[in-house]
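The structure appears below as structure tokens.
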Protein chains: 2
Amino acid sequence: MRDLEDFNDTNLQPGLSVDCVLFGFDNNELKILLLKLKSIEKWALPGGFVNVDKDVNAEAHAVLKNRIGLENVFLKQFYLFGNLERNLNTHTPELIKNGIISTKRIAFFKQRFITVGYYALVEYSKVKETTVDFISEACEWHSIHNLPKMIIDHKEIILKAHQTLKKELNTEPIGLNLLPKQFTMPELQALYETVLEKKLDRRNFSRKMLNYNILKDTNKRRMGVKHKAPILYEFDMENYNQAIKNGFNSIW
Amino acid sequence: MRDLEDFNDTNLQPGLSVDCVLFGFDNNELKILLLKLKSIEKWALPGGFVNVDKDVNAEAHAVLKNRIGLENVFLKQFYLFGNLERNLNTHTPELIKNGIISTKRIAFFKQRFITVGYYALVEYSKVKETTVDFISEACEWHSIHNLPKMIIDHKEIILKAHQTLKKELNTEPIGLNLLPKQFTMPELQALYETVLEKKLDRRNFSRKMLNYNILKDTNKRRMGVKHKAPILYEFDMENYNQAIKNGFNSIW
DNA sequence: TTATATTTGTGTCATATTAACACAATGAAA
DNA sequence: TTTCATTGTGTTAATATGACACAAATATAA
């Protein structure tokens with residue numbers, strides 16, 4: 001969708017949207033990709049509407065592809081936000097005044113929107129384009145600890161996504177898509193510490209990770225560091241996918 | 001909603017429904033509460049539509065209250081089913097012929113329905129009424145291993161709910177609502193074994209459960225059994241709720 | 001060339017948890 | 001009072017965890 005003329009709500013599932021919390025990892029910070037809305041001084045999660053003849057999960061993937069230019073990312077439904085306050089009522093006057101939405105579509109935008117929350121883990125460096133479209137004017141990463149003003153409940157959605165990610169770290173590995181193809185043990189640990197917001201013991205972390213058997217030693221080391229060169233690892237994709245599928249640390 | 005005349009789709013979120021997988025535990029079997037649809041030889045999960053001015057989670061609770069007569073149950077969203085094949089196309093002719101839906105509403109029923117899946121844990125004995133309404137003629141428990149023919153993807157929804165429950169058993173206790181107020185350790189173990197579909201060691205199970213500190217010894221024993229009288233336990237509600245809230249067996 | 005600072009890789013040890021197993025106690029029925 | 005099924009609890013070996021310390025590598029400073 002490039003501009004307003006292309007926008008037509010007749011094929012859209014009324015009152016339903018998808019919103020994607022994109023987690024990136026940079027500079028030992030967990031970051032979220034946000035869009036700055038035109039004519040509203042607030043930011044929003046990348047999201048979209050659901051076509052009546054499109055699979056909902058496919059629409060979430062389409063958001064990432066069309067608005068951010070990302071394909072094949074790890075994307076997962078985590079919650080449906082369906083409370084009554086979810087609408088753009090307070091913003092519709094500005095949106096209409098600035099020609100972002102047409103008066104014909106006003107009812108569509110004023111209704112309560114139920115949104116399906118997805119989270120995705122993406123390699124920070126892969127998102128370069130600051131795509132703009134008919135409703136957003138900028139696309140930037142923001143530290144999860146320093147979020148700008150956001151529309152409706154998008155801050156809560158991010159919070160819930162983060163809680164979900166933390167919890168899932170107990171039963172599933174992460175790192176793929178968040179880290180470059182090859183990475184060191186300290187880098188992997190920094191990712192875990194950032195997501196979990198706590199320090200972990202270096203030696204115990206390494207032992208535990210290696211025991212999961214999802215890492216492959218590439219027999220290379222990261223060069224050009226001003227201290228002992230750390231081993232470069234890759235994920236063993238077969239075992240990694242197995243772990244994603246079956247989970248680990250199951251107690252029963 | 002007692003009959004067809006009361007049914008009006010103008011206030012309903014089009015193409016959206018909620019469906020509830022009610023787990024019950026009886027005779028060492030995991031059972032699911034199902035509705036037999038009028039004029040279709042298939043069963044369905046108790047579900048409902050979403051009013052545009054109702055909170056989605058509240059609508060799921062309303063389904064349980066209005067259709068099953070249940071209040072204050074543990075009810076949890078687990079997945080949104082949004083693929084393209086989710087519609088009643090193949091059934092609308094029968095439904096119209098038998099006067100279950102009116103021709104005026106045909107478009108409403110033929111559209112693709114996105115449904116929010118909830119699961120609930122309920123005490124088997126508390127559901128007695130076989131409520132019938134304008135679309136269902138019976139309401140019965142079915143063993144999860146012997147499900148009747150079901151509409152659309154309701155079998156898949158049950159499967160996914162069961163998988164979710166199994167997985168969540170690693171981080172959260174269950175039992176409250178599935179068992180009577182007072183229960184014995186072997187009864188609790190039977191519940192776990194049924195949900196997990198595997199045998200557990202009696203001694204290790206007992207030790208682990210007691211270590212979670214969610215059980216209170218009532219200093220009573222189940223009488224009238226033809227062997228050693230087992231201790232009756234209750235859940236320690238404070239610790240139980242704490243465990244539900246914070247989870248347990250977190251590894252990081 | 002050598003010393004220093006920093007960071008990485010790995011080992012140890014005490015403690016806690018788990019899995020596998022056995023035996024005594026209880027209560028009804030024979 | 002013997003038998004039987006079932007419950008409660010203890011033991012032990014193997015494994016995992018948490019808290020630690022030291023040696024190796026590498027750039028930089030001396």
Side-chain angles (χ1 to χ4, degrees), chain A residues 27-28 169-173 175 179-180 182-194 196-234 239 243 246-252, chain B residues 27-28 169-173 175 179-180 182-194 196-234 243 247-252:
Chain A
N27 196 23
N28 283 0
L169 227 47
N170 284 304
T171 51
E172 287 166 28
L179 292 172
Q182 303 197 332
F183 51 87
T184 67
M185 190 63 81
E187 284 163 2
L188 183 60
Q189 181 177 344
L191 169 60
Y192 270 72
E193 290 181 340
T194 301
L196 294 165
E197 301 178 297
K198 68 157 94 158
K199 286 279 164 204
L200 302 172
D201 183 274
R202 198 165 59 84
R203 296 153 283 194
N204 296 336
F205 178 83
S206 167
R207 181 181 38 187
K208 192 175 244 180
M209 272 298 154
L210 291 172
N211 277 343
Y212 287 148
N213 256 5
I214 55 173
L215 298 180
K216 264 198 320 208
D217 189 330
T218 63
N219 293 314
K220 289 189 284 182
R221 282 159 184 272
R222 180 166 316 290
M223 304 312 279
V225 289
K226 61 171 179 231
H227 46 73
K228 181 167 178 176
I231 297 169
L232 282 169
Y233 292 97
E234 285 179 4
N239 292 353
N246 301 337
F248 49 44
N249 297 311
S250 130
I251 61 165
W252 297 113
Chain B
N27 196 26
N28 283 1
L169 226 49
N170 284 303
T171 51
E172 287 166 27
L179 292 171
Q182 301 196 334
F183 52 87
T184 67
M185 190 63 81
E187 285 163 2
L188 183 60
Q189 182 177 342
L191 170 60
Y192 270 72
E193 290 180 341
T194 301
L196 295 166
E197 300 177 298
K198 67 158 94 159
K199 286 278 165 209
L200 301 172
D201 183 273
R202 198 165 59 84
R203 296 153 282 195
N204 295 337
F205 178 84
S206 166
R207 176 162 30 123
K208 191 175 245 180
M209 272 298 153
L210 291 172
N211 278 342
Y212 287 146
N213 256 8
I214 56 172
L215 298 180
K216 263 197 322 207
D217 189 331
T218 63
N219 294 314
K220 289 189 284 183
R221 282 160 186 273
R222 183 170 310 294
M223 304 311 279
V225 288
K226 59 173 179 229
H227 47 72
K228 181 167 180 177
I231 297 170
L232 281 169
Y233 292 96
E234 285 179 5
F248 49 42
N249 297 310
S250 133
I251 61 163
W252 296 113

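To find a chain, count down the sequence lines: A is the first, B the second, and so on, and within it residues start at 1.
- Straight-line distance from the CG atom of B/Leu200 to the C1' atom of C/dT18: 13 Å, rounded to whole Å.
- For A/Lys228, taking side-chain heavy atoms from C-beta onward, the closest of the listed nucleotides C/dT6, D/dG8, D/dA24 is D/dA24.
- For the pair B/Leu188 CG and D/dT7 P, the computed distance is 13 Å after rounding to whole Å.
- Between B/Ile251 and B/Met185, the residue anchored closer to the 5' end of DNA chain D is B/Met185, taking for each the nucleotide with the nearest heavy atom.
- In this structure, the CD atom of B/Gln189 is 12 Å from the C1' atom of D/dT6, given to the nearest Å.
- Taking CG of A/Leu191 as the reference point, atom CG of A/Asn28 lies at 9.5 Å (rounded to 0.5 Å).
- B/Thr194 places a side-chain N or O within donor-acceptor distance of the main-chain N or O of B/Ala190, the cut-off being under 3.5 Å.
- What separates CG of B/Asp217 from C1' of D/dT7 is a distance of 13 Å, to the nearest Å.
- In this structure, B/Arg222 atom CZ and C/dG27 atom P are separated by 15 Å, rounded to whole Å.
- Sequence order on DNA chain D of the closest nucleotides to B/Ala229 and A/Lys226 puts B/Ala229 first from the 5' end.
- Side-chain atoms of B/Gln189 come within 3.5 Å of backbone atoms of B/Leu200 as a donor-acceptor pair (strictly under, hydrogens ignored).
- Without hydrogens or angle criteria, A/Glu187 side chain to A/Thr184 main chain gives a donor-acceptor distance under 3.5 Å.
- Atom CZ of A/Arg221 and atom P of C/dT10 are 8 Å apart (whole Å).
- The distance from atom NZ of B/Lys199 to atom P of C/dA19 is 17 Å, rounded to the nearest whole Å.
- Taking all atoms of both residues into account, the shortest heavy-atom contact from A/Arg222 to A/Gln182 is NH2-O, 3.8 Å.
- For B/Phe205 and D/dG8, the CZ to C1' distance is 15 Å, given to the nearest whole Å.
- Between A/Trp252 and B/Phe205, the ring planes are tilted. Angles from 30° to 60° get that label.
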For this session: Sugar-phosphate atoms are those with a prime plus P, OP1 and OP2; base atoms are the rest. Using that split, label each nucleotide of nucleotides 9-16 of chain D B, S or - for protein heavy atoms under 4.0 Å, 5' to 3'.
Result: BB------
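- Between the B/Asn249 side chain and the B/Asn170 main chain, a donor and an acceptor come within less than 3.5 Å of each other.
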